[in-house]
Amino acid sequence: MTDPTPAVTRFAPSPTGHLHVGGARTALFCWALARATGGTFLLRIEDTDQARSSDEAVRGILEDLHWLGIDWDEGPTLGAVGGDPRSVGPFYQSERRDLYDAAIQDLLALDLAYPAFETPEELDAMRVEAQQAKQNFRYLRAEDWDRDAALERWQAGEECVIRFRMPDEAVTVEDVILGAVDFASEQLDDFVIRKRDGFPTYHLAVVVDDEAMGITHVLRGQEHLNNTPKHMALQRALGYRIPVFAHLPVIQNADGSKMSKRDKDKAARAFVKDTGPDPTTLPIDGDRLARWIKDKKGQLDTSELDELAAALDMTLPEVTVEDFRSGGYLPDVVVNFLALLGWSPGTKNADGKDLERFSPGYLGEHFALDRVGRGNARFDRTKLLAFNQETIGTLPPEEFTARWTEWLGRYAPARVSTELDVPLLLRATQPRSRTLADPTAADGPGAFAFKADADIAYDEKAVGKWLAKGEPSGFDRLEPLADLVRSLSPFEPESIEAAIADWCAKNEIGMGKAAQPLRVAVTGSAASPPLGETLALLGQDAVLARIQQCLRLRDA
RNA sequence: GUCCCCAUCGUCUAGCGGUCUAGGACUCCGCCCUUUCAAGGCGGCAACACGGGUUCGAGUCCCGUUGGGGAUGCCA
């Protein structure tokens with residue numbers, strides 16, 4: 001099912017923060033199409049919004065892509081990735097302004113574009129008016145528009161934007177995923193191609209760059225479908241080629257809304273609104289905070305949001321690649337899961353079940369647009385987590401150790417003390433971990449090893465069932481077991497297990513009668529890794545101390 | 001409001017007119033294994049939104065209704 005024509009695709013993020021999952025999925029499909037067709041994948045930075053773009057965000061996005069294993073043939077360089085073999089760069093739109101200006105000049109000369117002098121406020125008023133009249137707002141050049149006068153005002157330095165004269169005709173977008181989509185001329189207006197600050201708008205820049213860079217396939221989210229007729233009109237006006245368009249279904253939150261990088265901002269906003277915290281206790285200065293609350297289009301930076309969330313003791317939703325990386329997800333799993341949001345292999349495994357788990361390499365080999373779905377897809381964290389856990393479980397221990405070490409170094413370097421037996425911790429927790437964060441997590445399978453003896457919380461049910469009951473009771477068995485523990489040397493999982501099994505056999509009781517009381521005594525709960533591993537991880541002294549501590553529960 | 005897109009289990013999806021008493025995965029529920037948990041094995045619950053057509057035959061094609069999503073920016 002390989003498309004025979006090599007596709008030149010591009011991913012063109014705007015650097016306003018880390019790569020979000022929607023963008024990651026788009027990048028992934030662009031990459032996969034290029035790979036599957038033997039084409040080229042190009043990365044371009046759309047930094048025409050001066051106010052919101054940052055170098056830090058660019059670096060973040062490059063790293064996010066790299067972490068996912070999405071490598072680009074052309075674009076900004078990151079290590080050995082990127083470059084400009086065809087000489088189509090630069091890859092930052094802010095460095096390509098001559099090209100945009102030239103295109104705008106061409107359109108101006110052909111009277112296909114013109115300066116417009118309304119202020120944003122005036123336009124807002126016009127929109128409100130149209131809204132109230134229950135009509136669609138549509139900006140069109142007036143019938144009696146005076147070209148010479150307008151150009152003169154522009155020459156004189158009056159502030160203005162440049163608008164494109166939309167031809168008065170319907171446009172049909174031929175989308176490979178959605179089929180033919182018609183847009184009536186009445187809903188297409190004269191849109192802005194150059195902003196007051198002299199930068200081109202997205203619409204103009206995209207079209208100019210895609211042509212100059214020889215892009216053959218434009219893959220993007222369905223939220224761009226309505227922009228496509230504008231782009232096609234520009235392409236025709238400028239004599240450009242029309243690329244193949246493929247609009248990908250939107251990735252949604254569990255509640256059905258579009259998953260976007262603004263979700264964090266929205267969540268924080270809602271939280272502040274609901275709880276009404278004292279502004280003076282927040283890490284953001286009063287003025288900025290007030291403006292933020294008032295203006296929904298203004299967003300806080302990622303770092304500001306993180307600080308705010310910490311101060312408010314709230315959890316921000318995971319929406320970026322970095323969120324999932326820091327959460328301890330494996331990149332190949334994220335790629336696999338993302339690919340399934342809108343694409344499916346349509347192949348069966350040897351056991352007759354649908355192929356669902358595959359590597360990035362498989363995707364790069366078998367991806368094709370004809371298997372991309374049309375319906376929006378919800379992002380189901382539970383399934384992602386299940387995939388991640390399954391993959392962690394199948395990792396060879398050395399690889400798990402390597403991945404975990406890398407994760408720990410980056411996100412929680414102070415979490416592990418020098419006394420801790422790390423190999424044993426990982427042996428005990430790998431089969432029980434859903435993420436790389438789990439082995440050291442406060443609520444993870446190894447949590448008991450990170451608590452001070454005094455902080456062990458004894459689960460009431462577990463104490464009732466395994467310690468208080470029976471004749472003799474679990475509590476009573478703890479004393480001889482403590483003696484047994486004290487006598488053991490070395491104190492290792494296998495020898496501990498063997499000694500306890502032996503003790504049980506001698507006393508003619510089942511393993512459960514000894515193992516469970518011990519487990520509850522040292523962890524506070526009835527569930528933990530195998531007893532030998534649990535005890536060995538704690539060490540002889542801590543085990544004895546915790547048994548004594550537990551016994552005080554009986555005597556109290 | 002207007003325009004655009006979409007519609008199979010709770011979720012992701014397979015299905016491209018008959019092989020569908022609709023398959024897989026996640027979740028959930030049983031059972032087995034077992035010193036607990038996890039993993040694993042086995043089994044179960046669960047869907048073609050609705051109404052009209054077309055056709056010998058419709059989950060699959062057409063129209064409408066309803067529902068959901070997106071857009072409506074001098075953001076991208």
Side-chain angles (χ1 to χ4, degrees), chain A residues 12-14 16 46-49 51-52 116 118-120 123-124 127 130-138 160-163 173 175 178 181-184 186-189 191-197 199 201-203 205-206 220-227 229 247 249-250 252 254 256-258 297 337 340-349 351-357 370 373-380 382-387 389-390 393 429-434 445 462 466 497 500-501 504 510-516 518-520 523 525-531 534:
Chain A
S14 56
T16 58
E46 308 219 329
D47 56 349
T48 55
D49 186 343
R52 294 201 295 153
E118 293 81 4
T119 64
L123 286 167
D124 278 347
R127 288 196 182 92
Q131 180 72 263
Q132 280 166 354
K134 300 204 170 189
Q135 279 175 350
N136 205 20
F137 175 70
R138 186 175 175 223
C160 65
V161 300
I162 306 293
R163 285 179 183 268
V173 175
D175 185 280
L178 301 171
V181 183
D182 298 319
F183 293 88
E186 299 81 59
Q187 59 161 301
L188 272 11
D189 72 350
F191 56 96
V192 175
I193 55 177
R194 184 184 144 121
K195 303 181 241 184
R196 195 166 288 250
D197 65 6
F199 274 79
T201 59
Y202 161 72
H203 306 300
V206 165
R220 46 159 64 137
Q222 238 175 61
E223 66 270 20
H224 285 290
L225 185 57
N226 295 308
N227 291 329
H247 288 91
V250 168
Q252 301 175 316
S257 62
K258 186 179 111 177
K297 281 184 184 167
F337 181 74
L340 254 12
L341 259 29
W343 183 80
S344 67
T347 307
K348 289 191 188 307
N349 290 311
D351 62 6
K353 295 182 173 180
D354 293 352
L355 173 66
E356 181 168 69
R357 303 303 310 274
D370 60 3
R374 282 181 294 264
N376 296 339
R378 292 187 196 209
F379 191 94
D380 179 7
T382 312
K383 186 162 179 171
L384 207 211
L385 217 38
F387 275 21
Q389 173 170 34
E390 194 209 303
T429 54
Q430 182 184 357
R432 276 159 270 273
S433 288
R434 299 194 298 178
W466 296 108
E497 293 267 349
I500 293 174
C504 288
M511 258 305 256
K513 299 261 195 222
Q516 286 306 87
L518 261 179
R519 192 187 306 279
V520 177
T523 69
S525 98
S528 86
L531 193 65
T534 300

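Note that the structure is a prediction, hence the values are computed from the model and not measured. The chains referred to below are lettered A, B, ... by the order of the sequence lines, with proteins before strands, and numbering in each begins at 1. All values below were derived from every heavy atom in this structure, side-chain atoms included, with hydrogens, water molecules and symmetry-related copies excluded.
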**Request:** For A:Pro120, report the nucleic acid contact type (base, sugar-phosphate, nothing); a contact means any heavy atom under 4.0 Å.
**Result:** base
**A:Leu355 CG to B:G15 P, straight-line distance once rounded to whole Å** = 13 Å
**Request:** Rounded off to whole Å, could you give me the CZ-to-P distance for the A:Phe199 and B:C74 pair?
**Result:** 17 Å
**Prompt:** Using the C1' atom in both, what is the distance from B:G64 to B:C45, to the nearest Å?
**Reply:** 34 Å
**Fill in**
Nucleotide by nucleotide, nucleotides 2-14 of chain B touches protein heavy atoms under 4.0 Å in the pattern (B base, S sugar-phosphate only, - none) SSSSS----SBSS
**Asked** For the pair made of CZ in A:Arg127 and P in B:U72, what is the distance, rounded to whole Å?
**Response** 10 Å
**Asked** With nearest nucleotides of RNA chain B determined for A:Thr119 and A:Ala515 from heavy-atom distances, which residue corresponds to the more 5′ nucleotide?
**Response** A:Ala515
**Message:** Under a 3.5 Å distance rule, please check whether A:Thr201 uses its side chain to pair with a backbone N or O of A:Val192 as donor and acceptor.
**Reply:** yes
**Request:** Sticking with atom P, work out how far B:G41 lies from B:G24, rounded to a whole angstrom.
**Result:** 15 Å
**Message:** Any carboxylate oxygen within less than 4.0 angstrom of a Lys/Arg side-chain nitrogen, looking at A:Lys348 and A:Glu356?
**Reply:** no
**Asked** Which whole-number value in Å describes the distance from A:His203 NE2 to B:U72 C1'?
**Response** 11 Å
**Request:** Sticking with atom P, work out how far B:C5 lies from B:C62, rounded to a whole angstrom.
**Result:** 13 Å
**Asked** More 5' along RNA chain B: A:Pro529 or A:Asn227, using each one's nearest nucleotide?
**Response** A:Pro529
**Prompt:** Is the side chain of A:Arg138 donor-acceptor paired with the backbone N or O of A:Leu188 at a distance under 3.5 Å, no angle test?
**Reply:** yes
**Fill in**
Heavy-atom nearest pair, A:Gly342 first then A:Pro249, reads CA-CG, 4.3 Å
**Prompt:** In this structure, are over 12 heavy atoms from other groups packed under 6.0 Å from A:Lys513 atom NZ?
**Reply:** no
**Request:** Classify the nucleic acid contact of A:Pro13 as base, sugar-phosphate or nothing, counting any heavy atom under 4.0 Å across all strands shown.
**Result:** nothing
**Nearest-Å distance once atom C1' is located in both B:A49 and B:C9** = 13 Å
**Asked** Across the strands shown, which category fits A:His247 at heavy-atom distances under 4.0 angstrom: base, sugar-phosphate, nothing?
**Response** nothing
**Message:** Any side-chain N or O of A:Thr48 below 4.0 angstrom from OP1/OP2 of B:A76?
**Reply:** yes
**Request:** Could you tell me whether A:Thr382 contacts a base, only the sugar-phosphate backbone, or nothing, with contacts defined as non-hydrogen atoms closer than 4.0 Å?
**Result:** sugar-phosphate
**Request:** Go ahead and name the base partner of B:G73; Watson-Crick or wobble counts if both distances stay under 3.5 Å, otherwise write none.
**Result:** none
**Nearest-angstrom distance, C1' atom, B:C48 to B:C31** = 31 Å
**Asked** Contact class for A:Gly393 (heavy atom, under 4.0 Å): base, sugar-phosphate, or nothing?
**Response** nothing
**Within-4.5 Å side-chain heavy-atom neighbours: A:Glu497 and A:Met511** = yes
**Neighbour count above 12 (heavy atom, 6.0 Å) for A:Arg220 CZ** = yes
**Request:** Among the candidates B:U35, B:C74, B:A71, find the nucleotide nearest to the side-chain atoms of A:Gln516.
**Result:** B:U35
**Asked** For A:Phe387, is the NZ or CZ atom of A:Arg357 found under 6.0 angstrom from the centre of its six-membered ring and inside 45 degrees of the ring axis?
**Response** yes
**Message:** Could you tell me how far B:C33 sits from B:G23 if I compare only their P atoms? Round to whole Å.
**Reply:** 30 Å
**Request:** Using the P atom on both, measure B:C61 against B:G43 and round to a whole Å.
**Result:** 34 Å
**Complete:** If pairing means Watson-Crick or G-U wobble with both distances under 3.5 Å, then the partner of B:G67 is B:C6
**Prompt:** Aromatic rings A:His224 and A:Tyr202: how do their planes relate, parallel, tilted or perpendicular, breaks at 30° and 60°?
**Reply:** tilted
**Prompt:** Quick one: does A:Leu178's side chain get under 4.5 Å of A:Leu225's, heavy atoms only?
**Reply:** yes
**Item:** Distance, rounded to the nearest Å, where A:Glu118 contributes CD and B:C74 contributes C1'
**Value:** 11 Å
**Asked** A:Gln389 has a side chain; which of B:C75, B:A76, B:A38 sits nearest to it?
**Response** B:A38
**Asked** What does A:Phe387 touch in the nucleic acid at a heavy-atom separation under 4.0 angstrom: a base, only the sugar-phosphate, or nothing?
**Response** sugar-phosphate
**Message:** Is any side-chain heavy atom of A:Val173 closer than 4.5 Å to one of A:Pro229?
**Reply:** yes
**Nearest-Å distance for atom pair CD/C1', residues A:Glu497 and B:C37** = 13 Å
**Message:** Starting the side chain at C-beta, find the nucleotide from B:U35, B:A76, B:G73 nearest to A:Met511.
**Reply:** B:U35
**Complete:** As its Watson-Crick or G-U partner within any shown strand, both distances under 3.5 Å, B:C28 has B:G44
**Message:** What contact category does A:Glu186 fall into here, base, sugar-phosphate, or nothing, at under 4.0 angstrom with non-hydrogen atoms?
**Reply:** nothing
**Request:** Let me know the distance between CG of A:Leu531 and C1' of B:U34, rounded to the nearest Å.
**Result:** 14 Å
**Message:** What's the gap between B:U60 and B:G18 when it is taken at their P atoms, as a whole Å value?
**Reply:** 12 Å
**Prompt:** Across the strands shown, which category fits A:Leu123 at heavy-atom distances under 4.0 angstrom: base, sugar-phosphate, nothing?
**Reply:** base
**Prompt:** If we ignore angles and hydrogens, is there a donor and acceptor under 3.5 Å between the side chains of A:Ser528 and A:Arg519?
**Reply:** yes
**Message:** Can you measure A:Glu223 atom CD to B:G69 atom C1' for me and round it to whole angstrom units?
**Reply:** 11 Å
Could you pull out the protein-nucleic contacts involving nucleotides 62-66 of chain B (nitrogen or oxygen on both sides, under 3.5 Å)?
none

